[in-house]
Each structure stands twice: as structure tokens, then as C-alpha cells.
Amino acid sequence: MTNPIIKLSNITKTFGDKTILNNLDLQVNKGESLVIIGGSGTGKSVTLKCILGLLKIDSGSINIFDRDIEKSSINEKQEILKKIGMLFQGSALFDSLNVWQNISFGLIKGKRIKQSLAKEIAIEKLTQVGLKKDIANLYPSELSGGMQKRVALARAIATDPEIIFFDEPTTGLDPIMANVINDLINNIVRKIGATALSITHDIESAKKIADKISMLHEGKIIWTGLSSELEKTNNKHVKQFIHGKTEGPIEINLT
Amino acid sequence: MLDIFRIFSLIGQFTISLFTVIGRLGIFTYSSVLKIFLPPIYIKNILQQMFNVGYLSLPVVGLTTLFTGMALALQIYEGASRFNAESTVAFVVAIGMVRELSPVLGGLMVAGRVGAAMAAEIGTMRVTEQIDALYTLSTDPFKYLMAPRLIAGITMLPLLVLIGDIIGISGGFFISTSLLDLNQTTYIKNTIDFLQSIDVISGLVKAAFFGFIVTLMGCYNGFYSKGGAQGVGSAATNAVVSGSILILSANLIITRIFFGA
């Protein structure tokens, strides 16, 4: 039985006279991990930002937990956001706050949990992402990129969200650290039973963390399949993309 | 023929972008001011900003008003001595500082110090997605970032200007009585006798408006900054330039409201 927890229908989004999303349809079922792959500038980030409500769509509808985001009030949106975690591409840690304050931000400010308890949870999440608890009082600028990413992951899962978004989780990391993050994502998503929606252009990462993969091209989903079907598909766009060939149906815009 | 159309099109584009900015600024101002009064109120952020805007600006504003008060005393003494009216120095220095120079120069200095820093800080938060992150952690950026800064600006600038008034008048007193041998007792008496409370109050009202303008421009330019380092840089520049121009024009309007015939 399919039970879509995120449902996008006919989403169109334009910037000026540039159409970024063109009648996009997408469904993510409860408990599954969907990864959207696609080249740079195909609208992956825009899709994510539209779902989160950071960008306003021109037409179409976005349903999360069976509620229309566009028609929700600010308070309703905040309630929905409390059940969502997000890992940003550049980690987006608050540089004015230290590590444990960053992780517990959603707990203290969003869920109004007491500071002492929130700190305990933060340290527990820190160990979950494989970091030692003595970095809890350091500031983000004192951490390496890989550590920042893990702290950001700890912050994204701090409130035990039902949905987690991952924006390019492995970009900018070395292959080993990228795999560490992939494993963490897998373990954590399975452990808390969350639904995951990720965007990436890292095929290896996509194959590792996805149940299902969708390919975004020119503002539309052109292919969806199980992660095991990715290599076998005859779709020319997908074939070109996963093998990184310069020749094929995808036009490369070098200008 | 085509050239004429191009001119029309340029005028149209300019008008549209002008109204876009005005509309965007209007909405931004409305939401930030509204959020000052709505819970949750982040006390810690407010105190932090008050410390930053108020206490840390003290040296800059103090030195500015000190030197201005001193220079003003020299100027007025020289000018007044042309028609033997040296006794007006105390009064003119006091009025000049309290009504005009302390709020305006204080406001401009704070625009340079605080406005630019706010635009750079919020701009960096924007381009590194920290503002988006705030939002996804169900925290309203307007309540968490903008409202505390606006509150700090509106409350702290009058306080700074009041201290600036005292320092500026003292500077004038020091120059007049040590360098220009005016009588100390008469100088103080003249200042107290002729200075009215409306002079001080008008200066403080100005300061509150200037504090609002400085912090609003810092927040607005930071919030809408684009791109990387360059975008943040131009946000800081714009915050100072627009803040300064708005302070000077608001100064004229407020002066006219208080003392216009």
C-alpha cells in the first residue's frame, strides 16, 4: 500500500522568464528514502526549497502529512516544520553558537525543552553521529568540514523528525568521509524510521542511501525506479548522467 | 523611432524596480516592527544587541561629540567676537550639540559602525543558508534576528546621544574656559539658563528615529543580500549609504516638525 507523505502535483516555478520547475510531480511514501539526481541547475535545490516553503511556487500544490503547504497559516507551517529536519549543503551551522547549542536549537526554540535536558539530548545525538562529546563546547569555525557536516546532521535529527531532507549531503567531502556520511544517513534514517528526501549529483551516494531514485531534467521528473534498477535502465538521459558522458540527449550548457 | 521606445522602456524598467524596492522595504519594515510586539521575545538576543549597539558604540560617539563640541566652541567664539557677543558661546554650543550635532553625528557614526556590521552579519547568514536553517528549525528570522536589533537601535541611540550631549557640552566648556578665557561660572549659568527641555527632547526623539533607521537598513540590506563575498560587501556599503542619507533627510523633517513655524 502506498501512502504518500510528501506529494507534489503540477509544480511550476519560474524566476523572471526562466522556467525552473515545469509541471513537476513527485511522491515520497512513508518510511522510504527517495533521492533526486540531476545535473547542476536542473532545479533540485529549488524543489527542496519549495517543499520547505522557503520559495513560493507559481502553481500546483504541495502536500505534506496530507496538508496543503500553500494554504497553511504561518503557525500551521511551523507545526509541520517541527516534524521536519534539514541538512543543508554548506551545513549552515549558526556560527555565533557552539556545537551543542546548534544541535539543541530546534529543541529549545521550537519545542521549548529545558536547556539542561536539551544539552543531554544534543550530546547523545553527537555520539550518534560518531563525534566525541568534548567538542560540544567548540564553535563551528573550529571544526573541519566533515565534522561540521556531522554536527549539522546531528542538528537535523535532534528533534527526531518524521521527514528529513538532505541537500547534497556528500558534496565537498573526501570519498571516505562521504561514505561515513552515507552510512550515518542510512543508519539514522532506518533507526528513527524517518522518511528521507535527498538531492545529489553524487551517483555513488545516491545508490547507497536511496530506496528509490528519481532523475530531474529540465524541471521534470523523467525517470523513477528502484535504486537497483538504476544501472539497468534503458533511459538515455539516466544512462548519460550516471556514466558522465559528454554525448547524449542532455545538452551541456557551457556558456 | 526605436530609440524613443528604448527610452520609454528604460523609464518603465527604472520605475518598476524603484517600486519593487519600496514595496519590499515596506513589507520588510512592517513584518519586523510587528514582530517586536509578538511573542516569543528573545530576551538574550535583545540584551546582546543592546550591549553591541549601546555600550560598544560609546567610544566612537563619545570621541565624535567631544571633538565636535570643542571645535564648535572655537568657531562660535571666533564668529561671535566679531560683534562682541562672546557670552553667547555657551548657549550656541549647547543648542548646536543637543538639537543637531550630537544626534546627527552620533547617528552617522553608529550607521558606520553598527549598520555595516549588521548587514555583513545577516548577509553572511543569508548566503550561508543560516537564515533558511533558522526557518527550518521553526524559528522566525524576523523575531530572532530583526526585532532584537531594532529594539536595541531604538532604545540605545537616545542613550548614546544623551551621553554625547553631556560630553559635547563639556568639550565646549573646556575649550572656552581654558583656551579662550571665558568665565567658568557664567558659562555654566548661561548653558543651564537658556537650554530648554524641548531642545534635549527633540534631540532624543531624533536619536530614536535614527536608531530605527540604522538598524532597519542594516537588517534589510543584509537580509536581501545575494551572492557570496561581493554581495555581502555591497550589502554593508548599501546599509551605510542608505542609512546615512535617510538619517540626514529624516533630520530635516523632524526638525521641521519640532521647530517649524
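For the numbers below, each heavy atom of this structure counts, side chains included, while hydrogens, waters and symmetry mates do not. Chain identifiers are assigned alphabetically (A, B, ...) following the order of the sequence lines, protein sequences preceding nucleic acid strands; residue numbering begins at 1 within each chain.
Side-chain contact check for A:D95 and B:Q130: at least one donor-acceptor pair (N or O, by modelled atom type) lies under 3.5 Å.
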Margin query: Go through it in stages, so that I can follow the logic: the residues are B:T136 and A:F88, the test is side-chain contact (heavy atoms from CB on, under 4.5 Å), and I'd like the CA-CA distance, side-chain angles, deciding distance and then a yes or no.
Written below: CA-CA 10 Å; B:T136 60; A:F88 285 90; 3.8 Å; yes

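Looking at B:T128, only its backbone comes within 4.5 Å of chain A, counting heavy atoms on both sides. Contact annotation for A:L107: neither backbone nor side-chain heavy atoms come within less than 4.5 Å of a heavy atom of chain B. Neither the backbone nor the side chain of B:I131 comes within contact range of chain A; no heavy atom of the residue lies under 4.5 Å from a heavy atom of that chain. Residue contact with chain B, scored on non-hydrogen atoms closer than 4.5 Å, involves the backbone of A:I84 exclusively.
The distance between the ring centers of A:F94 and B:Y144 does not fall below 6.0 angstrom.
Within 6.0 Å of the CZ atom in A:F65, the count of heavy atoms belonging to other residues, nucleotides or ligands exceeds 12. When the shell of 6.0 Å around CD of A:E76 is examined, it contains more than 12 heavy atoms from other residues, nucleotides or ligands. Enclosure of atom NZ in A:K82 by more than 12 non-hydrogen atoms of other residues, nucleotides or ligands within 6.0 angstrom is indicated.
Among B:D132, B:D140, B:T139, the residue with the largest count of heavy-atom pairs under 4.5 Å with chain A is B:D132. Options A:E79, A:Q89, A:Q78, A:K77 differ in how many heavy-atom pairs under 4.5 Å they form with chain B, and the most are formed by A:Q78.
Taken from CG in A:L81 to OH in B:Y135, the straight-line distance is 5.0 Å, to the nearest 0.5 Å. The CD1 atom of A:I108 sits 11.5 Å away from the CG atom of B:L137 when rounded to the nearest 0.5 Å.
For residues 210-232 of chain B, every residue pair satisfying the side chain to side chain donor-acceptor pair (under 3.5 Å) rule, not counting sequence neighbours, is listed here: B:R24-B:Y220.
Between B:E129 and A:M86, every side-chain heavy-atom pair lies at or beyond the 4.5 Å cut-off. Within the 4.5 Å cutoff, side-chain heavy atoms of A:F105 are placed close to those of B:L134.
Among residues two or more places apart in sequence or in another chain, the side chain to side chain donor-acceptor pair (under 3.5 Å) test is passed with B:S242 by none.
Residues A:A92 and B:A133 share a closest heavy-atom pair of O-CB, 3.8 Å.
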